[in-house]
Every structure is written in structure tokens, then in C-alpha cells.
Asker: 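Take a look at this one; I'll ask things after.
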2 protein chains.
Amino acid sequence: MKRSEISLVALRRILRATELYGRELARAAGLTPVQIRVLQVLDGPDILTPKAIAARMGVSQATMTTLIDRLVAKGLVERQRSETDRRQMNVRVTEAGRAALARAPDPLHDRYVSAFEALPDWEQAMIVAALERVAGLLDAGHLDASPVLDLGDLRKSP
Amino acid sequence: MKRSEISLVALRRILRATELYGRELARAAGLTPVQIRVLQVLDGPDILTPKAIAARMGVSQATMTTLIDRLVAKGLVERQRSETDRRQMNVRVTEAGRAALARAPDPLHDRYVSAFEALPDWEQAMIVAALERVAGLLDAGHLDASPVLDLGDLRKSP
DNA sequence: CGCTTTTTATTAGCCTATTGAAATTTCGCA
DNA sequence: TGCGAAATTTCAATAGGCTAATAAAAAGCG
């Protein structure tokens, strides 16, 4: 078997493990995987608009409206009309939202970090190099479909 | 930033790239990502039951029933009652299904293989080692939630 | 200034994915 | 023979996702 195939098999194992674990973790927190991802995106230092969140997650604006609707209904995020551009909404995580995030940590984080840090130094370095290389191979050329850097939509929190 | 965090960021880039690319590719083929995965699982040498497919994909049997319904409606798979145990159904890909798979190749495959094979030998080896290590870290301890090895449900094709 | 275009968000209508619980059929065995 | 277990399907409900249409505000521009 070619090494490219071997690496694909390993990649699929990674994808499958994270997907299954993410589902499990989400339902333990009473949320869905997508809802957790929205909260994670919102958890950063920036205040985001629905459009910006949608772009980061690669879904349409209409989809993001419904996702935000559900999170608002659960009290995990809140909408606030922008002062400077009244077409826009600012979406932010509430305290309850942050609490929910704390109970539903990153799907990868738990499982991965402690095992990683137990590895010898050289192996950690190798893994970082390899993962960054693979990520580069995979997401290069993807910027058209998903404008990750939509700086016009970023605003620093006050 | 700790190396564990750096590697998590790279992993998320990998996950995001493959997810977005998978959606894109699926809709180009007129299928959904999940439907493609079902076809891939069925494409192997074994004839599988709905239960076995569900176990491999980590979804419930009820979900698998509806997925198979849709694929049957499209003529991509067919059901056949098992002769030896008439409670069971055997699901197999049709010729049309194989053709659809050929038009909708593995989400990862396209993008990845040629770039990978252009890398120098040492780097290929490093990536394989690192990915297998990471996959091992992530999917260890997962066998309870998703019985990948459900040998009772496998049957060799005649 | 007033009109048109663009941008942002939402609504409406549709389909797919997913699940748990209940129903159906068949098997295996005491 | 009869009964519990197994495999699948059906049912009802929720969630995620899309496009197209709409509403509202901002930006351009003659």
C-alpha cells in the first residue's frame, strides 16, 4: 500500500474519532455539535455578526439565523443591534453560554492534550510539523469557498 | 503557545477543510456527504446489513433505514432479504452506485494525494508516522461507543 | 439631494439527517 | 410449541442546511 493511502486511512480514523466523540460530548452537554461550534467561534475576543460567523463555519447566512435563534431561545447567546451600522446584529455569548461551553469542552481538547503532552519531545515536534504540513495541503485553495478572513466583519470588543 | 495547542489548531484546520470540501464535492455529485459515506462503506468486499453499516458509521439503525431508503430511491443500492436469516437485509451497491462513487471520489483523496506524493521521502515518512500516532491517541478508548469490529454482521460475498 | 445599488439579516418553504419508541417479522431454544 | 431476543422498519419529533424572496439600512453617484 502506498504511503499516501496509509496516511489517508489514518486521516479518516482521525476524522471519524473526532466526529463521534464530538457528538457524544455535545449530547452530554445538552447541545448539538453545531451549536457548540457556534459558541466556540463566538467565544473569542471579537464581537461577530451572523454573516461573519456563517463565513467562519462555511454555512449560509440563513442557516446562521436559525442556529442563532435556537441559541437565543436557550439563553446562551444574545443579539444586539449594532450602533454604527444598524443593518448589522452583534452576537455575543451570555454568561450561561460560557458556562455551557465550559461543561462541553472542545471535542479534541480533552482526549488529546494529555496524551500528546506525555509524548517525548522529538515526537511532539514531529507531530506538529506533520499536522501543519497536512493542514496546508488540505486547506490551500479553499479560501474561495470559505472566506475565513473577512476582516470587514470584525470588531474589537469595547 | 504550547505545542499541544498548536497541533490542535492544525487539526481543526484539517477537520474544517475536509468537512467543507466534502460538502462541496457531495453536492457536485448530487448526493450528500453522508450518502457518499454509506456508498463507500458498502463498496468493500463484504455484503453488509443495515445494522453493520450503522455500526461502522456510528449512527442508529433507524437512521440507516432512511439513508438506505433514499439511496434505493436513487437506484444506487439495493436491498435483498437474507436467505440464511430472514430477519436480515443484505444491502449492496448497484452498478449505478459504483458509477456515482467514481464521479464523487473520496473527499480527501483528490486534494491530498498528489500533493502528498510530491513531498520528499523523509517528509512522507514523517507524516505517516505522525498521523498514525495522532489517530491512535484519538480513537483509543472509543470502541465502546462505536463497535467497529462487529464481525457477526460480516459475510463474505460469494 | 434623490435615486439606485449593495449589504445585512430575516422569513418562508423545502429536503435531509438523526433519534427513541413502538411495531413487525423471524430466529433460537427450552 | 411457545417465548424471549434480534433485525428491521415505521412513526413522530427535532435539528441542520439550502435557495429565493423580503425588508431595512447604508453607500454611491449623477
Side-chain angles (χ1 to χ4, degrees), chain A residues 19-20 22-24 26-39 47-55 57-74 76-91 145-147 150 152-155, chain B residues 19-20 22-24 26-39 47-55 57-74 76-91 145-147 150 152-155:
Chain A
E19 183 196 323
L20 293 180
R23 289 222 286 262
E24 191 180 302
R27 75 184 302 145
L31 298 172
T32 67
V34 179
Q35 288 170 352
I36 290 183
R37 279 187 63 207
V38 175
L39 289 179
I47 296 182
L48 298 175
T49 63
K51 173 170 188 154
I53 309 168
M57 290 182 51
V59 302
S60 72
Q61 283 185 49
T63 300
M64 191 49 58
T65 295
T66 71
L67 295 179
I68 293 171
D69 283 348
R70 281 191 248 281
L71 290 172
V72 167
K74 294 187 179 207
L76 304 182
V77 309
E78 58 192 6
R79 281 190 249 238
Q80 190 179 11
R81 185 125 248 145
S82 163
E83 292 299 325
T84 58
D85 182 339
R86 302 181 52 74
R87 289 170 305 184
Q88 298 184 124
M89 294 296 267
N90 290 329
V91 183
S146 60
D150 198 355
D153 294 311
L154 293 182
R155 234 151 292 108
Chain B
E19 183 197 322
L20 293 180
R23 288 221 289 262
E24 191 180 304
R27 76 182 302 144
L31 298 171
T32 67
V34 181
Q35 289 171 353
I36 291 182
R37 280 187 63 205
V38 174
L39 289 178
I47 296 182
L48 299 175
T49 63
K51 176 173 184 150
I53 310 168
M57 290 183 49
V59 302
S60 72
Q61 282 187 55
T63 302
M64 192 48 59
T65 295
T66 72
L67 293 179
I68 294 170
D69 283 347
R70 280 191 242 285
L71 290 171
V72 168
K74 294 186 179 209
L76 304 182
V77 309
E78 59 193 6
R79 280 190 250 238
Q80 191 179 11
R81 184 125 250 145
S82 164
E83 292 299 325
T84 57
D85 183 341
R86 302 183 52 74
R87 289 170 303 184
Q88 296 184 128
M89 293 297 268
N90 289 329
V91 183
S146 59
D150 198 356
D153 294 312
L154 292 182
R155 233 152 291 107

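Proteins get letters first, then strands, A, B, ... in listed order; numbering begins at 1 in each.
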Asker: What are the two closest non-hydrogen atoms of A:Leu67 and A:Val38, and how far apart are they?
Answerer: CD1-CG2, 4.1 Å

Asker: Grab the CE-C1' distance between A:Met89 and C:dA9 for me, whole Å please.
Answerer: 8 Å

Asker: Using atom CE of A:Met64 as one end and atom P of C:dT7 as the other, report the distance to the nearest whole Å.
Answerer: 20 Å

Asker: Send over the distance from A:Arg23 CZ to C:dG20 P, rounded to a whole Å.
Answerer: 11 Å

Asker: Between B:Lys74 and B:Val59, which has a closest nucleotide on DNA chain C that is more 5'?
Answerer: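 Its nucleotide being nearer the 5' end, the pick is B:Lys74.
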
Asker: What's A:Arg27 touching, base or sugar-phosphate or nothing? Going by heavy atoms closer than 4.0 Å.
Answerer: sugar-phosphate

Asker: Write down the distance between CG (B:Leu20) and C1' (D:dG17), rounded to a whole number of angstrom.
Answerer: 13 Å

Asker: For A:Ala54 and A:Ser60, which heavy atoms make the closest approach, and how far apart are they?
Answerer: CB-O, 3.8 Å

Asker: From CD1 of B:Ile53 over to C1' of C:dA17, roughly how many Å is that when rounded to an integer?
Answerer: 16 Å

Asker: Looking at every heavy atom in both B:Gly22 and B:Pro33, which two are closest together, and how far apart are they?
Answerer: O-CG, 4.2 Å

Asker: In terms of the nearest nucleotide of DNA chain D, which residue is placed more toward the 5' end: A:Gln35 or B:Ile68?
Answerer: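 Final value for this comparison: B:Ile68.
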
Asker: How many angstroms lie between CG in A:Leu71 and CZ in A:Arg79, if you round to the nearest 0.5 Å?
Answerer: 9.5 Å

Asker: Closest approach of A:Lys74 and A:Gln35, non-hydrogen atoms and distance?
Answerer: NZ-OE1, 3.8 Å

Asker: Looking across every strand, which nucleic acid part, if any, lies under 4.0 Å from B:Thr66 by heavy atom: base, sugar-phosphate, or nothing?
Answerer: base

Asker: The side chain of A:Arg70 is closest to which nucleotide in this list: D:dG16, D:dC18, C:dT19?
Answerer: D:dG16

Asker: In this structure, how many angstroms lie between the P atom of C:dC15 and the CG atom of B:Asp69, rounded?
Answerer: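 Whole-Å distance recorded here is 16 Å.
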
Asker: Identify which nucleotide among C:dT18, C:dT10, D:dG17 has an atom closest to any side-chain atom of B:Thr63, counting heavy atoms from C-beta outward.
Answerer: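 For B:Thr63, the side-chain atoms sit closest to C:dT18.
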
Asker: Give me the atom names and distance for the closest heavy-atom approach of A:Met64 to A:Pro50.
Answerer: CG-O, 3.5 Å

Asker: Nearest whole Å is fine: how far is C:dT7 P from A:Gln88 CD?
Answerer: 12 Å

Asker: At under 4.0 Å between heavy atoms, how does the protein contact nucleotides 21-30 of chain C? Give one character per nucleotide, 5' to 3', with B, S or -.
Answerer: ----BBS---

Asker: If I take atom CG in residue A:Leu31 and atom P in nucleotide D:dT14, what distance separates them, rounded to the nearest angstrom?
Answerer: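 In whole Å, D:dT14 P lies 17 Å from A:Leu31 CG.
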
Asker: Name the closest nucleotide to the A:Thr65 side chain, picking from D:dT10, D:dG17, C:dT11.
Answerer: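 So the nucleotide nearest the side chain must be C:dT11.
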
Asker: If the cut-off is 4.0 Å, is B:Ser60 near the phosphate of C:dT19, judged by side-chain N/O to OP1 or OP2?
Answerer: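 B:Ser60 to C:dT19 OP1/OP2: side-chain N or O found under 4.0 Å.
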
Asker: Give a yes or no on whether A:Arg86 atom CZ has more than 12 heavy-atom contacts from other residues, nucleotides or ligands under 6.0 Å away.
Answerer: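 No, CZ of A:Arg86 has 12 or fewer neighbouring heavy atoms, counting only those of other groups under 6.0 Å.
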
Asker: Taking OP1 and OP2 of C:dT7, is either one under 4.0 Å from a side-chain nitrogen or oxygen of A:Gln61?
Answerer: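 No.
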
